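Below is one structure, written out as structure tokens, with a few remarks after it.
Computed from a prediction, not measured in an experiment: that's the story for all the values here. Note that ligands are numbered from 1 as they come in the structure, with each ligand's atoms numbered from 1 the same way.
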Amino acid sequence: MRIVVSGGGTGGHIYPALATVKQLKKQDPSTEVLYIGGERGLEKTIVPDAGFDFKALAVQGFKRSLSVDNFKTIYLFLSATRKAKQMLLDFKPDVVVGTGGYVSGPVLYAAQQLQIPTVIHEQNSVVGVTNKFLARKVTKVGVAFPAAIPAFKPGLATVVGNPRAQEVVDGEGSFNWADLNLSATVPTVLIFGGSQGALKLNKAMVAALPKFADRPYQVIFVTGGKRFDEVQADMQAAGVTAAANVAVVPYIGNMPQLMPAVDLVVGRAGATSLAEQTALGKPMILIPSPYVTNDHQTKNARSLVEAGAAEMITEESLTGTTLFGTIDQLMTNQGERQAMATAATTLGVPDAADQFIKLIKSVIKN
Ligand SMILES: CC(=O)N[C@H]1[C@@H](OP(=O)(O)OP(=O)(O)OC[C@H]2O[C@@H](n3ccc(=O)[nH]c3=O)[C@H](O)[C@@H]2O)O[C@H](CO)[C@@H](O)[C@@H]1O
């Protein structure tokens with residue numbers, strides 16, 4: 001099979017695309033893959049690091065208000081579509097798959113004009129702008145949440161889960177704890193604000209850091225690549241240093257090895273992270289981002305709280321004290337964590353990549 005995948009901007013769109021092509025390669029090593037991403041998104045490093053051929057297009061999103069910048073967006077869209085068409089004509093894919101983010105717009109639109117079958121994946125229960133635009137001519141849609149189905153024409157969408165969930169569940173290889181100067185045998189809490197880090201979560205963590213020093217567990221605090229220097233500066237200004245049981249790092253490049261090994265996850269409520277955490281059955285503390293379309297992270301988080309898999313702290317009530325208190329209460333109560341883990345597992349889809357691949361294969365012309 002020859003497949004082009006496109007998705008970008010943030011990890012939540014990139015990792016489902018990568019998980020899909022990794023699994024395809026596992027099933028059939030002769031699969032030829034081209035990843036088309038944006039020039040500025042995280043994909044420009046994540047994809048080549050994962051060993052896939054990568055081509056980039058310049059794109060940007062629409063501003064919701066009237067803005068001259070939107071003329072530039074249209075110009076970039078048209079020029080990216082023209083370039084994507086040439087890439088597709090050269091690569092000759094059997095199918096083109098989009099996992100959301102602006103860049104998948106021109107790539108799948110070009111494929112649709114060339115009559116190549118297209119499949120999109122929607123990770124959220126609220127359908128993203130690009131996927132809504134592509135839905136008019138797409139061949140099939142895979143969704144993670146049944147709630148997204150009515151947004152598409154009848155019969156178009158199928159629930160497949162989120163392919164990245166399978167990658168973390170299969171999690172080949174083990175995590176090297178020495179890389180973080182931490183122990184493999186001490187209970188661990190992992191804290192990260194989505195793929196880019198979250199300002200308020202980072203501030204609350206800096207305030208909470210000294211309290212972790214004498215606790216019977218260890219802490220991995222992931223700041224987000226672009227926020228690491230800011231956190232270091234905040235720590236210095238507050239006179240705070242990380243204790244021996246705390247690692248402060250910019251990014252985790254090998255989450256499928258780390259996440260299975262931790263005891264509690266604290267973070268945003270992005271759809272791909274939640275798919276991983278439910279498939280692995282991890283107890284969670286969620287601080288949904290209030291800055292996303294239709295407040296969809298709060299909806300994501302609420303459904304997990306109602307199922308008993310997560311506790312929620314609103315960004316408004318997030319401080320060093322509330323954050324430490326909630327973490328400490330759970331890290332010192334294994335029974336409660338276990339009950340949350342069991343509830344999380346019931347919501348996970350650990351074979352999502354296989355399900356999505358079945359859908360992709362169903363559209364390929366012989
Ligand atoms: C601000 C924003 O627009 N957020 C959206 C974005 O979030 P974002 O890109 O943050 O997406 P998610 O939280 O869903 O996924 C993050 C992904 O990055 C990985 N990861 C994260 C940190 C790290 O150090 N290493 C690492 O590998 C996680 O394991 C996960 O696979 O896409 C999601 C999926 O469409 C949406 O639900 C979110 O609302």
**Message:** Within the 4.5 Å heavy-atom criterion, are Gln60 and Tyr102 side-chain neighbours or not?
**Reply:** no
**Prompt:** What protein heavy atom sits nearest atom 12 (P) of ligand 1, and how far off is it?
**Reply:** Ser273 OG, 3.4 Å
**Asked** For ligand 1, which atoms have a heavy atom of Val222 less than 4.0 angstrom away?
**Response** 24 (O)
**Prompt:** Should we say atom CZ of Arg302 is surrounded by more than 12 heavy atoms from elsewhere, each under 6.0 Å from it?
**Reply:** no
**Message:** Please list the nearest protein heavy atom to atom 37 (O) of ligand 1 with its residue and the distance rounded to 0.1 Å.
**Reply:** Asn124 OD1, 2.6 Å
**Asked** Under 3.5 Å, is there a donor-acceptor pair linking the side chains of Asn202 and Glu230?
**Response** no
**Message:** Tell me whether Gln297 reaches ligand 1 (any heavy atom closer than 4.0 angstrom to a ligand atom).
**Reply:** yes
**Complete:** The closest protein heavy-atom partner of atom 8 (P) of ligand 1 is Ser195 OG, 3.5 Å
**Request:** Tell me which protein heavy atom sits closest to atom 7 (O) of ligand 1, plus the residue, atom name and distance to 0.1 Å.
**Result:** Thr10 OG1, 4.0 Å
**Request:** Please report which non-hydrogen protein atom sits nearest to atom 20 (N) of ligand 1, along with the residue it belongs to and the distance in Å to one decimal place.
**Result:** Tyr251 OH, 3.9 Å
**Request:** Provide the number and element of each atom of ligand 1 under 4.0 Å from a heavy atom of Gly12.
**Result:** 8 (P), 9 (O), 11 (O), 12 (P), 14 (O), 15 (O), 16 (C), 32 (O), 34 (C)
**Asked** Would you find a donor on one side and an acceptor on the other, under 3.5 Å apart, between the side chain of Glu122 and the backbone of Gly128?
**Response** yes
**Prompt:** Relative to the ring of Phe133, is the ring of Tyr109 parallel (under 30°), tilted (30 to 60°) or perpendicular (over 60°)?
**Reply:** tilted
**Complete:** Within 4.0 Å of some non-hydrogen atom of His13, the atoms of ligand 1 are 35 (O)
In residues 276-283, what donor-acceptor pairs under 3.5 Å come from side-chain atoms, sequence neighbours left out?
residue : atom : partner : partner atom : Å
Glu276  : OE2  : Arg164  : NE           : 2.6
Thr278  : OG1  : Leu274  : O            : 2.9
Thr278  : OG1  : Ala275  : O            : 3.2
Lys282  : NZ   : Pro260  : O            : 2.8
Lys282  : NZ   : Val262  : O            : 2.7

**Asked** Does a sphere of radius 6.0 Å around CD in Glu336 hold more than 12 heavy atoms from other residues, nucleotides or ligands, not counting ones at 6.0 Å or beyond?
**Response** yes
**Request:** Among all protein heavy atoms, pick out the one at the shortest distance from atom 17 (C) of ligand 1; state its residue, atom name and that distance to 0.1 Å.
**Result:** Tyr15 CD1, 3.7 Å
**Message:** List ligand 1 atoms under 4.0 Å from Glu276, heavy atoms only on the residue side.
**Reply:** 28 (C), 29 (O), 30 (C), 31 (O)
**Item:** Atom indices of ligand 1, in the order listed, that fall short of 4.0 Å to a heavy atom of Phe192
**Value:** 21 (C), 22 (C)
**Request:** Show which atoms of ligand 1 fall inside a sub-4.0 Å distance from at least one heavy-atom site of Gly11.
**Result:** 9 (O), 17 (C)
**Request:** Please identify which atoms of ligand 1 are closer than 4.0 Å to at least one heavy atom of Ile252.
**Result:** 23 (C), 24 (O), 25 (N), 26 (C), 27 (O)
**Asked** Just by modelled atom types, is the Met1 backbone N or O under 3.5 Å from a matching donor or acceptor in the Asp94 side chain?
**Response** no
**Prompt:** Are any of the N/O atoms in Ala271 less than 3.5 Å from those in ligand 1?
**Reply:** yes
**Fill in**
shortest atom 2 (C) of ligand 1-to-protein heavy-atom contact is with Val292 CG1, 3.7 Å
**Asked** With a 4.5 Å heavy-atom cut-off, do Phe71 and Leu76 have their side chains touching?
**Response** no
**Message:** The criterion is salt bridge (charged side-chain N to carboxylate O under 4.0 Å, His left out); which residues satisfy it with Asp295, sequence neighbours excluded?
**Reply:** none
**Prompt:** Which residue supplies the protein heavy atom nearest to atom 22 (C) of ligand 1, what is that atom called, and how far is it?
**Reply:** Gly194 O, 3.5 Å
**Request:** Indicate yes or no for a side-chain donor-acceptor contact from Glu315 to the backbone of Lys200 under 3.5 Å, with no hydrogens or angles considered.
**Result:** no
**Item:** Atoms in ligand 1 with a heavy atom of His296 nearer than 4.0 Å
**Value:** 36 (C), 37 (O), 38 (C), 39 (O)
